[in-house]
2 protein chains.
Amino acid sequence: MKKSTIKDVAREANVSIATVSRILNNTGKGYSDKTKQHVMQTIEQMGYFPNAIARSLINNESGTIGVLFPAVSGMVSAEMLHGIEAAAQVYGKSVFVCNTLSDPDKTKHYLQLLYEKQVEGVIFASGRLTRNFQKIVKQMNVPFVTLSGISDLKNIPEIKVDDLKATYDATNYLIKHGHTKLAMVSGPPHDLIAGTPRMEGFKQALTDANLPCKSSQISWSSAFYFEDGKHAFRSIMKSHPEVTAIVAASDEMAAGVISEANAQGIRVPEDVSVIGYDNTKLATMTVPSLTTVSQEFDVMGYRASELLCQCIMGEDTDSIIMEHKIIERESVKKTKARGVV
Amino acid sequence: MKKSTIKDVAREANVSIATVSRILNNTGKGYSDKTKQHVMQTIEQMGYFPNAIARSLINNESGTIGVLFPAVSGMVSAEMLHGIEAAAQVYGKSVFVCNTLSDPDKTKHYLQLLYEKQVEGVIFASGRLTRNFQKIVKQMNVPFVTLSGISDLKNIPEIKVDDLKATYDATNYLIKHGHTKLAMVSGPPHDLIAGTPRMEGFKQALTDANLPCKSSQISWSSAFYFEDGKHAFRSIMKSHPEVTAIVAASDEMAAGVISEANAQGIRVPEDVSVIGYDNTKLATMTVPSLTTVSQEFDVMGYRASELLCQCIMGEDTDSIIMEHKIIERESVKKTKARGVV
DNA sequence: TTGAAAGCGGTACCAA
DNA sequence: TTGGTACCGCTTTCAA
């Protein structure tokens, strides 16, 4: 059974396809109420739905956007995607997901694909939009937005939290609550997205508080996972057993710290306090639950998607620095405050 | 700067659009090597990419599939989606994600949308494909596949694990290791996907082992989250303080059980053993780490996507019951085995 | 209010 | 090996 087309409807309803088209698009003019009634009825009983592809072709609007993730698995991408899809739906866009696996070739391939599919805009998430992609991005000639990433290209709006400031605040939160021997469990120092800025925030907070700040106070790993947190904490405890508070670059790492502390008979937060980063669901599930820096990924996704759709409609837009806040739970011991709030 | 079309290329290269088309499609015949060289070169320097929408229209192949999730946030959907996208890419399909929020109206809306966008197939994930959707599904006339869900419609291949059997095995695992006082922390009993069958598996295992099996041994909640696990365990400890082992209907619930046990000074696994379900990343992060039933969601997603693409190509296919296995970690205490392995 | 017809950017058949 | 052209399903202009 072949799909029925506008022609079939026209024939069935004894009108021209032009009339059917007008009715479908609710132009308001170009048909009488009576014909409309009749045509709508035939459409209904034929189970006809217009072919969006044909529409796209003539309107030159695909009604789709593309999202590039390094990996869609993982809580963070999942929440972002959720927000992205929600906003896209509001603006009447459908979303294509693509998994680049952080592979530049794959990324380029996907960009071409999205180009061919005539997407009206692209969200580049959790990655770095390098010069490598400049050419294709320019060719595509549709709005791009980076989400929790960075762009080497100019005039690309970004949606992100100020990682440096957020980590600064997290570190400061520990200091405020009486901690003076701090260490950090970090991701790769050359990761310009979640590595460098967070380490920098940590250092600045220490410096501003006149606390010692040696590079040995930061133990970094190649990623931000649970195991990385475990290892990093282990090495910190070897070199800096005096530490009473840990700043972690992700909730997963913080969970790793808690787990390793547990294994070593170190109590959290009595002996060592831990502050996480991300406020994923995981933060509520650790024992003790995790005080952490909140990044609202779903909201960020929503805003990014919204921003992109606004760009598509030709509105003027600008980058968005998302608010962050510290979610207080049970993993930080509060001792004597040091004056300033 | 408008996008260049095949016409532009043809004009620029001094050939007909027919020739360009043949070259683009690599028909092998219909052009000389020399013209090919020349045309490819102009294409390259013009930065021309064919319009996939126009192609779809004439070929009647959109090269896209749709995926319906109740919610794309959450580890489970994220992992499934990852697998889905990976397989789709292999088969040259792009994927539209849709968030139904379990809302039938929204679901219907998305199905219509996907219909209009001419998707070549649909993966219906983590939900129930009810009679409600029969009409539209039939109209769409493209293959459907359910992933970790159920279908009231006939002839829809399913990819899932046998939840009843898996829970049976999990329960049996505890029994095998010497436990006789068991309880279950379950989701909604009327949830035909992850509620009913898992409860049933638990009961059957007890019955088959000649162990007492009263309905009070199952405490269920309206969902499968961390908090639900906490509450359910609390109520179980009130009514059945003698229990030494808990079967949880999800890893999150199991994490909740561990957390609540902790709060009550009950040691895991010394006092109470816990077995989870899903083998999400969370299972490695709890303290103690979680022995659990493995569902490989990314693999399931991959297989579902693969299956769908095969259906699209007209191959004969059938449902897939995925293997499950028990991943042994630290949350179960092994006491005297009871004979049979 | 209506319908005929010219495209949108491609593909594929047929003739040259 | 080539080019001309009908057509995919729809929108939109122009005349009727």
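Letters A, B, ... are given to chains in the order of the sequence lines, protein chains preceding strands, and every chain is numbered from 1. All values below were derived from every heavy atom in this structure, side-chain atoms included, with hydrogens, water molecules and symmetry-related copies excluded.
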How would you list all residue pairs meeting ring-ring contact (aromatic ring centres under 6.0 Å, His included) that involve residues 92-130 of chain B, not counting sequence neighbours?
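As it turns out, the ring-ring contact (aromatic ring centres under 6.0 Å, His included) pairs with a partner in residues 92-130 of chain B, which skip direct neighbours, are A:Phe49-B:Tyr115, A:Phe96-B:Phe96.
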Interatomic distance, A:Arg55 CZ vs C:dG9 C1' [rounded to whole Å]:
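Checked: the CZ to C1' distance equals 19 Å.
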Would you mind reading off the distance between B:Lys2 atom NZ and C:dG7 atom C1', rounded to a whole angstrom?
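Roughly 12 Å, once rounded to whole Å.
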Below 4.0 Å: OP1/OP2 of C:dC8 and any side-chain N or O of B:Asn51
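No, because none of the side-chain N or O atoms of B:Asn51 sits under 4.0 Å from OP1 or OP2 of C:dC8.
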State whether B:Lys7 places a side-chain N or O below 4.0 Å from either non-bridging phosphate oxygen (OP1 or OP2) of C:dC8.
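Checking B:Lys7 against C:dC8: at least one side-chain N or O falls below 4.0 Å of OP1 or OP2.
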Quick check: on DNA chain C, is the nucleotide nearest B:Ile53 upstream (toward 5') of the one nearest A:Gly28, or the reverse? Name the residue that is more 5'.
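Checking each residue's closest nucleotide, the 5'-ward one belongs to A:Gly28.
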Once salt bridge (charged side-chain N to carboxylate O under 4.0 Å, His left out) is applied, do any residues pair with [X], and if so which ones, sequence neighbours excluded?
X	value
B:Asp152	B:Arg128
B:Asp162	none
B:Asp278	none

In chain order, what residues pass the ring-ring contact (aromatic ring centres under 6.0 Å, His included) check against [X], with sequence neighbours excluded?
X	result
A:Phe144	none
B:Phe224	none
A:Tyr48	none

With sequence neighbours excluded, what pairs up with B:Glu61 under the side-chain contact (heavy atoms from CB on, under 4.5 Å) test?
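B:Asn59, B:Glu120.
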All side-chain contact (heavy atoms from CB on, under 4.5 Å) counterparts of A:Ile23, not counting sequence neighbours:
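For A:Ile23, the residues satisfying side-chain contact (heavy atoms from CB on, under 4.5 Å) (neighbours in sequence not counted) are A:Thr19, A:Tyr31, A:Lys36, A:Val39, A:Met40.
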Are B:Lys108 and B:Asp105 ion-paired here, with the side-chain N under 4.0 Å from a carboxylate O?
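So B:Lys108 does not pair with B:Asp105 through a salt bridge.
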For the helix from C:dT1-D:dA16 to C:dA16-D:dT1, what is the angle between the axes at its two ends, each from 5 pairs, rounded to 10°?
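What I find for the helix from C:dT1-D:dA16 to C:dA16-D:dT1 is an axis angle of 40°.
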Each nucleotide N or O in nucleotides 2-6 of chain C that has a protein N or O under 3.5 Å away: list the pair and distance.
from  : atom 1 : to      : atom 2 : distance (Å)
C:dT2 : OP1    : A:Thr35 : OG1    : 3.4
C:dT2 : OP2    : A:Ser32 : N      : 3.1
C:dT2 : OP2    : A:Thr35 : OG1    : 2.8
C:dG3 : OP2    : A:Ser16 : N      : 2.7
C:dG3 : OP2    : A:Ser16 : OG     : 3.1
C:dG3 : OP2    : A:Thr19 : OG1    : 3.0
C:dG3 : N7     : A:Arg22 : NH2    : 2.9
C:dG3 : O6     : A:Arg22 : NH2    : 2.4

Where does the chain B footprint on DNA chain D start and end, counting 5' to 3' with a 4.0 Å heavy-atom cut-off?
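The contact span of chain B on DNA chain D goes from D:dT1 to D:dG9.
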